[in-house]
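Only one structure is covered here, and it is reproduced in the block below.
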Amino acid sequence: MEKASKTIQIGILGCGTVGTGLVKLLQDYQADNRNPKVIISQILVKNQSRAQEISDKLGLDIKIFTTNSEHITRNPAIDIVVEVMGGVKDTKLILLDAIEHNKYIVTANKDLLALEGEDLFEAAKHKGLTIFYEAAVAGGIPIISTLKQSLQGNRIEK
């Protein structure tokens, strides 16, 4: 008898070009039944008019949109927070709140990682969580996992 796999609920911080693309990608995967276990629970937007525009464009329920990041970071049903809003200082505070509430983080935010990454990684480590950031390195080429897995037995000096 197979174990039923858990549904993974994600919260998306930001829904500009990248966030909208992510939503479309997840919708396509669900439509093709390639990843039906990943559910978008909430999306952070700057204002309600943007939420209505995206809702109409992508056929999403307007109820999943919020202008309050805590609706995502503190929602016990959300497992993963995907940050695609950019910025550094405010974004760091939001992600620290997400980590404090036991959320895994996915980000492609190069500036954030360069300037505040040490604090974020330390907070995640303290909570036993992971920050996934491969999209922030080399334009999304899967170099981080290659370095971590494939080359870990090698000694690279230069």
For the residue pair Ser49 and Asn47, confirm or rule out a side-chain donor-acceptor distance under 3.5 Å.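 Per modelled atom types, Ser49 and Asn47 side chains form a pair under 3.5 Å.
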
Please determine if [X] and [Y] form a salt bridge, counting it only when a charged side-chain N lies under 4.0 Å from a carboxylate O.
| X | Y | value |
| --- | --- | --- |
| Glu100 | Arg74 | no |
| Lys103 | Asp79 | no |
| Arg50 | Glu53 | yes |

Closest heavy-atom contact between [X] and [Y]?
| X | Y | value |
| --- | --- | --- |
| Leu112 | Val88 | CD1-O, 3.5 Å |
| Ala77 | Asn75 | N-OD1, 2.8 Å |
| Ala98 | Ile105 | CB-CD1, 3.8 Å |
| Ile99 | Lys127 | O-CE, 3.5 Å |
| Cys15 | Val23 | SG-CG2, 4.3 Å |

Can you tell me how far apart [atom1] ([X]) and [atom2] ([Y]) are? Round to the nearest 0.5 Å.
| X | Y | atom1 | atom2 | answer |
| --- | --- | --- | --- | --- |
| Ile43 | Phe65 | CD1 | CZ | 4.0 Å |
| Ile39 | Ile10 | CD1 | CD1 | 9.0 Å |
| Thr130 | Phe121 | OG1 | CZ | 9.5 Å |
| Thr20 | Leu58 | OG1 | CG | 6.0 Å |
| Ser69 | Asp97 | OG | CG | 6.5 Å |
| Thr73 | Ile78 | OG1 | CD1 | 8.5 Å |

Do [X] and [Y] have side-chain heavy atoms sitting under 4.5 Å apart?
| X | Y | answer |
| --- | --- | --- |
| Leu26 | Val38 | yes |
| Ile8 | Lys37 | no |
| Lys89 | Glu116 | yes |
| Ile12 | Val84 | yes |

Donor-acceptor pair, side chain of [X] and main chain of [Y], under 3.5 angstrom:
| X | Y | value |
| --- | --- | --- |
| Glu83 | Gly86 | yes |
| Ser55 | Ala51 | no |
| Asn109 | Gly87 | yes |

Go through it in stages, so that I can follow the logic: the residues are Gln42 and Lys63, the test is side chain to side chain contact (heavy atoms under 4.5 Å, CB included), and I'd like the CA-CA distance, side-chain angles, deciding distance and then a yes or no. CA-CA 8 Å; Gln42 292 204 279; Lys63 293 176 187 168; over 6 Å; no

Mark yes when over 12 heavy atoms from residues, nucleotides or ligands other than Asp90 sit less than 6.0 Å from its CG; otherwise mark no.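 No.
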
With a 4.5 Å cut-off on side-chain heavy-atom distances among I, L, V, M, F, W and Y, is there a chain of contacts connecting Leu93 to Val81?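 As far as the 4.5 Å side-chain criterion goes, Val81 and Leu93 are not connected within one cluster.
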
Pair Leu13, Val82 - check side chain to side chain contact (heavy atoms under 4.5 Å, CB included), show working. CA-CA 6 Å; Leu13 301 174; Val82 180; over 6 Å; no

Please determine whether side chain to side chain contact (heavy atoms under 4.5 Å, CB included) holds for the pair Lys46 and Thr67, giving the CA-CA distance in whole Å, both sets of side-chain angles, and the decisive distance to 0.1 Å. CA-CA 6 Å; Lys46 287 183 182 179; Thr67 57; over 6 Å; no

